[in-house]
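Accompanying notes for the structure given below.
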Amino acid sequence: MLLIVNYHYIGNTAFPFPGIHPLSPQVFRRQLEALADSFEFVGEADLLSAVAGESDLPEIACLLTFDDGLREQYTQAVPILDEFGVSAIFFVPGLPLDQGRPLTVHKIHWLRSQMEPVVFHDCLSAACREFGLMDRVQVAENDAGGKYYWDDSETRKAKYLLNVLLSAQERAQVVDAMESRVDLDGRDYFEQLYLTPEQIKELDNRFAVGTHGYSHCALASMSKRDMGHDISHSLAVLSRMGCHPKTISYPYGYDGTVSPTVFDVAKAHNLCAGFTTERSFNTTLTEPLALARIDTNDAPGGKQPIVVRGHDGFQLTGVMTMGRTRYCQE
């Protein structure tokens, strides 16, 4: 069994409103202790060797991943990984490195962290109305229930609308319009948000660096050509730093954002393993480009673990997606 646990923000920074939820280094350390009690940690090299049929993973293995290329993962998480002697894969998006500007998804996180929820939702609705997108708002009202398990109903709808239902251009227009309606300046925050090229090189040398796409858009919403362009563009950016990823973390990673076509395109770019956000563990490696992965909240030592150890081994409790089935129904 291979359990893959994913992380994003790591740190003790406090924000005025919900929107960014860092995992404190103290909690991260305790979670590693909890995982170490039952699992044997593995790294990217172990996984790729097993995928290639060259070796076997431990019977009960755990792999850690970090999405979004955030600098605090280097400053806050890496020292703790070193304490435990644990490896990890750091998935880096290309656009912030290439263009020196934040991803729209992180602008959304930051806006939510700086605005009262009711103000954020009113601002979002006004911007969608301005661009004639109220039909997408209605779809989100009816179809967001199975996404973003850790959020309240209104936040799930907003995230699903912004992250999935709107095109990249529409999303950028809406977020820019929202920024123009409020007196907020996040330049100082975004200047410190992402890993530097030097940090990425070090992570690649000491751990492993994978691609998180270029634009952090839902790949399944793109044409096959655009999927390939997004992935190849991200690989080219990382290549300039001497990194040559063999793995990909699909942005968002749930059904509707990934598909068999996405997996095929990833394989065509010589990527050997791909990580979704299907809330499950992996009992085989027969679909290495559609690996299941759970959030830190779901893992042992998290807020509400769905992986528990019983008399007959590990079991999944609570809500579990059936993503792999849905991913195969294009």
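One-based numbering along the sequence shown. As the structure is a prediction and not an experimental result, all values here were calculated from the model.
The line from CD1 of Ile294 to SG of Cys62 is 8.0 Å long, rounded to the nearest 0.5 Å. In this structure, the separation between CD on Glu191 and CG on Leu193 is 11.0 Å, given to the nearest 0.5 Å. Rounded to the nearest 0.5 Å, atoms OG1 (Thr261) and CE (Met222) are 13.5 Å apart. A distance of 6.5 Å separates CG in Leu271 from CD1 in Ile231, rounded to the nearest 0.5 Å. With values rounded to the nearest 0.5 angstrom, Glu72 atom CD is found 7.0 Å from Ile10 atom CD1. Within the model, atoms CD of Gln73 and CG of Leu203 stand 8.5 Å from one another, a figure rounded to the nearest 0.5 Å.
Residues Val258 and Gly253 approach most closely at CG2-O, 3.8 Å, considering heavy atoms. Of all heavy-atom pairs spanning Leu47 and Ala273, the tightest one is CD2-CB, 4.1 Å. For Pro58 against Val42, the heavy-atom pair with the smallest separation is CD-CG1, 3.6 Å. Gly210 approaches Pro245 most closely through the heavy-atom pair CA-CB, 3.8 Å. Closest non-hydrogen pair, Asp230 versus Gly213, comes out as OD1-CA, 3.5 Å. The two residues Ala88 and Leu81 come nearest to each other via the heavy atoms CB-CD1, 4.0 Å.
Residues Met178 and Val174 form a side-chain contact, since some pair of their non-hydrogen atoms from C-beta on lies under 4.5 Å apart. By the 4.5 Å heavy-atom criterion applied to side chains, Asp68 and His212 are counted as neighbours. Contact check for Val78 versus Asp82: side-chain heavy atoms found under the 4.5 Å cut-off. Using a 4.5 Å heavy-atom cutoff, the side chains of Phe281 and Thr283 are in contact. By the 4.5 Å heavy-atom criterion applied to side chains, Pro22 and Asn12 are not counted as neighbours. Looking at Lys157 and Leu161, their side chains never come closer than 4.5 Å, going by heavy atoms from C-beta outward. Two residues are said to be in side-chain contact when any heavy atoms from C-beta on lie closer than 4.5 Å; Gln76 and Pro79 fail this criterion. In this structure, the side chains of Phe39 and Met1 come closer than 4.5 Å at one or more pairs of heavy atoms.
With no hydrogens or angles considered, a side-chain donor-acceptor pair links Glu44 and Thr247 at under 3.5 Å. In this structure, a donor-acceptor pair under 3.5 Å is absent between the side chains of His244 and Asp204. Residues Arg206 and Ser87 bring no donor and acceptor atom of their side chains to less than 3.5 Å of each other. Tyr7 and Gln31 share a side-chain donor-acceptor pair at under 3.5 Å.
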Let me see the working for Leu63 and Leu291 under side chain to side chain contact (heavy atoms under 4.5 Å, CB included), right down to the final yes or no.
CA-CA 11 Å; Leu63 173 64; Leu291 295 172; over 6 Å; no
Could you walk me through whether Phe275 and Tyr250 pass the ring-ring contact (aromatic ring centres under 6.0 Å, His included) check?
CA-CA 6 Å; Phe275 297 78; Tyr250 307 108; 8.3 Å; no
Applying side chain to side chain contact (heavy atoms under 4.5 Å, CB included), run through Ile89 and Val209 and close with a yes or a no.
CA-CA 6 Å; Ile89 308 176; Val209 167; over 6 Å; no
Worked verdict on Arg279 versus Asp295 for salt bridge (charged side-chain N to carboxylate O under 4.0 Å, His left out):
CA-CA 8 Å; Arg279 297 173 82 201; Asp295 182 75; over 6 Å; no
His229 and Tyr214: CA distance, side-chain angles, deciding distance, ring-ring contact (aromatic ring centres under 6.0 Å, His included) verdict
CA-CA 9 Å; His229 179 74; Tyr214 183 81; 7.6 Å; no
Please report the C-alpha distance between Thr65 and Ile4 in whole Å, then the side-chain angles of each, then the deciding distance to 0.1 Å, and finally whether the side chain to side chain contact (heavy atoms under 4.5 Å, CB included) criterion is met.
CA-CA 7 Å; Thr65 67; Ile4 305 173; 3.8 Å; yes
Side chain to side chain contact (heavy atoms under 4.5 Å, CB included) evaluation trace for Glu170 with Cys128
CA-CA 9 Å; Glu170 291 167 340; Cys128 287; over 6 Å; no
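Residues Phe66 and Phe207 are members of one and the same hydrophobic cluster, defined by side-chain heavy-atom contacts under 4.5 angstrom among Ile, Leu, Val, Met, Phe, Trp and Tyr. Hydrophobic clustering of Ile, Leu, Val, Met, Phe, Trp and Tyr side chains at less than 4.5 Å, counting indirect connections, unites Val175 with Met134. Residues Val27 and Phe84 are members of one and the same hydrophobic cluster, defined by side-chain heavy-atom contacts under 4.5 angstrom among Ile, Leu, Val, Met, Phe, Trp and Tyr. Hydrophobic clustering (ILVMFWY, side-chain heavy atoms < 4.5 Å, transitive): Tyr189 and Phe17 are in distinct clusters. Following chains of ILVMFWY side-chain contacts shorter than 4.5 Å, one cannot reach Leu48 starting from Phe41, and the two form parts of different hydrophobic clusters.
With hydrogens and angles ignored, the 3.5 Å screen pairs no side-chain donor or acceptor of Asp98 with any backbone N or O of Gly94. The closest donor-acceptor contact from the side chain of Gln138 to the backbone of Asp135 lies at 3.5 Å or more, if one exists at all. In this structure a side-chain-to-backbone donor-acceptor pair under 3.5 Å is missing from Ser239 to Leu235. Side chain of Ser38 to main chain of Leu35: no donor-acceptor pair is present (N/O by atom type, distance under 3.5 Å, no hydrogens or angles). For the pair Asp46 (side chain) and Gly43 (backbone), a donor-acceptor distance under 3.5 Å is present. Of the possible polar contacts, none joining the Arg136 side chain to the Leu166 backbone as a donor-acceptor pair under 3.5 Å is found. For Arg71 (side chain) and Leu195 (main-chain N/O), no donor-acceptor pair under 3.5 Å exists by modelled atom type.
Ion pairing between a basic and an acidic side chain is recognised when a charged N comes within 4.0 Å of a carboxylate O; Lys224 and Asp264 show no such pairing. With salt bridges taken as basic N to acidic carboxylate O contacts below 4.0 Å, none links Asp298 and Lys303. Salt bridge annotation for Asp67-Arg293: present, with a cationic side-chain nitrogen under 4.0 angstrom from a carboxylate oxygen.
Residue Glu59 qualifies as open at atom CD: its count of foreign heavy atoms under 6.0 Å is 12 or below. For Glu54, the CD atom sits in a packed shell: over 12 heavy atoms of surrounding residues, nucleotides or ligands are nearer than 6.0 Å.
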Run the side-chain donor-acceptor check on residues 108-122: report pairs under 3.5 Å with partners two or more places apart or on a different chain.
unit_1 : atom_1 : unit_2 : atom_2 : d
His109 : ND1    : Tyr9   : OH     : 2.8
Ser113 : OG     : Trp110 : O      : 2.7

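Here the options are Thr276, Val164, Asn163, the test is side-chain contact (heavy atoms from CB on, under 4.5 Å), and the partner is Thr257; only Val164 passes.
Applying the side chain to side chain donor-acceptor pair (under 3.5 Å) test to Arg30 and every residue at least two apart in sequence or in another chain returns nothing.
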